[in-house]
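The structure appears below as structure tokens.
Lettering follows sequence order; numbering is per chain, from 1.
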2 protein chains.
Amino acid sequence: MESADRRIVELLRQDGRMSYTDLGRAVGLSTSAVHQRVRRLEERGVITGYSASVDVALIGTPLTAFVSVTPLDHRAPDDVPERLRGVDGIDACYSVAGDSNYLLRVRVATPQALEEMLATIRTQAEVSTRTTIVLSTPWE
Amino acid sequence: MESADRRIVELLRQDGRMSYTDLGRAVGLSTSAVHQRVRRLEERGVITGYSASVDVALIGTPLTAFVSVTPLDHRAPDDVPERLRGVDGIDACYSVAGDSNYLLRVRVATPQALEEMLATIRTQAEVSTRTTIVLSTPWE
DNA sequence: CGTGAAAGCAAGAAGGA
DNA sequence: TCCTTCTTGCTTTCACG
């Protein structure tokens, strides 16, 4: 990837609402040139989307946790992600090397909601879970 | 929080570059009314920023890992986040309840880069580490 | 990759429920 | 307080060189 593209991606990662004009000034290209590059970056799948970051405490899901997930039956086909895709509140799903097969990041409103979510995860995906509560998030 | 604000936040989470005009149409308010609300959401800290999502494989950091961090000296003041803030490649830092004190998500280019980063983390923060490699990311 | 014109959007002021 | 409308200046978009 080219150096101008790198800088554009870098800047858009920091401020996803930066205007093409400002991007142009920052990388030394015209507005349209930048616009073209951004469009190509989106088409090539380098930029996959834009999103607002939100304070999870202020939108009603103040409780974050990481859930390590291990299938109960090691011989069963591993379709854990498919089985969990519908479960609301699972923010991210990572397939990992190590003690467990998957690591999930979940966000919920209350300890009770977490309890229910864990029950859902266990029955839905036929797995055992090990949960680590997040106390605070110095950065993300 | 009000229902209109909720919808605005929801929409901006899905598309951080959505225009105020389109937001207005979606929630049934004028452009300026939406603009005002977004500004207030930003001021109140509900919306903390905007960012482009990027395919990490395509920008040269294809290797993601989670690093559990435990201070070597339990009596020393806990300033791990401050000590690690400058380290490049640490994407997120969570203070957690459990075996370790912190959980980091890191992104690097190669296993060698990971090795170097772990050395940096250990010396910089005076901690021991336990690393879990991410094999794939079904979603995030 | 740049230019320039047209359309669309943002941002502020003023005023009304 | 919160909304709308109006106005001004930018930004985006697109056709073309």
Would one find a side-chain N or O of [X] under 4.0 angstrom from OP1 or OP2 of [N]?
X	N	value
B:R40	D:dT1	no
A:R39	D:dT12	no
B:H35	C:dA10	no

Quick note, A:S30 side chain, CB onward, closest among C:dG2, D:dC3, D:dT11 is C:dG2

Quick one: pull up CG in A:L114 and CD1 in A:I133 and give me the separation to the nearest 0.5 Å. 5.0 Å

Can you tell me the distance, in whole Å, between the [atom1] atom of [X] and the [atom2] atom of [N]?
X	N	atom1	atom2	result
B:M18	D:dT11	CE	P	21 Å
B:L29	D:dC2	CG	C1'	10 Å
B:E2	D:dC3	CD	C1'	11 Å
B:L23	C:dA11	CG	P	12 Å
B:Y20	C:dA11	OH	P	6 Å
B:E43	C:dA11	CD	P	13 Å
A:Q36	D:dA15	CD	P	13 Å
B:R17	D:dT11	CZ	C1'	10 Å

Need one value for [X]: base, sugar-phosphate or nothing, where a base atom within 4.0 Å counts as base even if backbone is also close, heavy atoms only.
X	answer
B:A33	base
B:T21	sugar-phosphate
A:S32	base

Using a strict threshold of under 4.0 Å (side-chain N to carboxylate O), is an ion pair present between A:E140 and A:R107?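 Salt bridge flag = yes for A:E140 with A:R107.
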
So, A:Q112 versus A:E116: side-chain donor-acceptor pair below 3.5 Å or not?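 Short answer, no.
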
Give a yes or no on whether the backbone of A:G16 and the side-chain of B:R17 come within a donor-acceptor separation of less than 3.5 Å. yes

With a cut-off of 6.0 Å (strictly less than), are more than 12 heavy atoms of other residues, nucleotides or ligands near CG of A:D88?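 No, not enclosed.
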
Just distance, no hydrogens or angles: give the donor-acceptor pairs under 3.5 Å from side chains in residues 24-34 of chain A, sequence neighbours left out.
unit_1 : atom_1 : unit_2 : atom_2 : d
A:R25  : NH2    : A:D22  : OD1    : 3.0
A:S30  : OG     : A:A33  : N      : 3.2

Between the opening five pairs and the closing five pairs of the helix from C:dC1-D:dG17 to C:dA17-D:dT1, how far apart are the helix axes, to 10°?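 If I round to tens, the end axes sit 40° apart.
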
Test: A:R39 cationic atom under 6.0 Å from A:Y20 six-membered ring centre, within 45° of axis: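 Here A:R39 fails the 6.0 Å and 45° test against A:Y20.
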
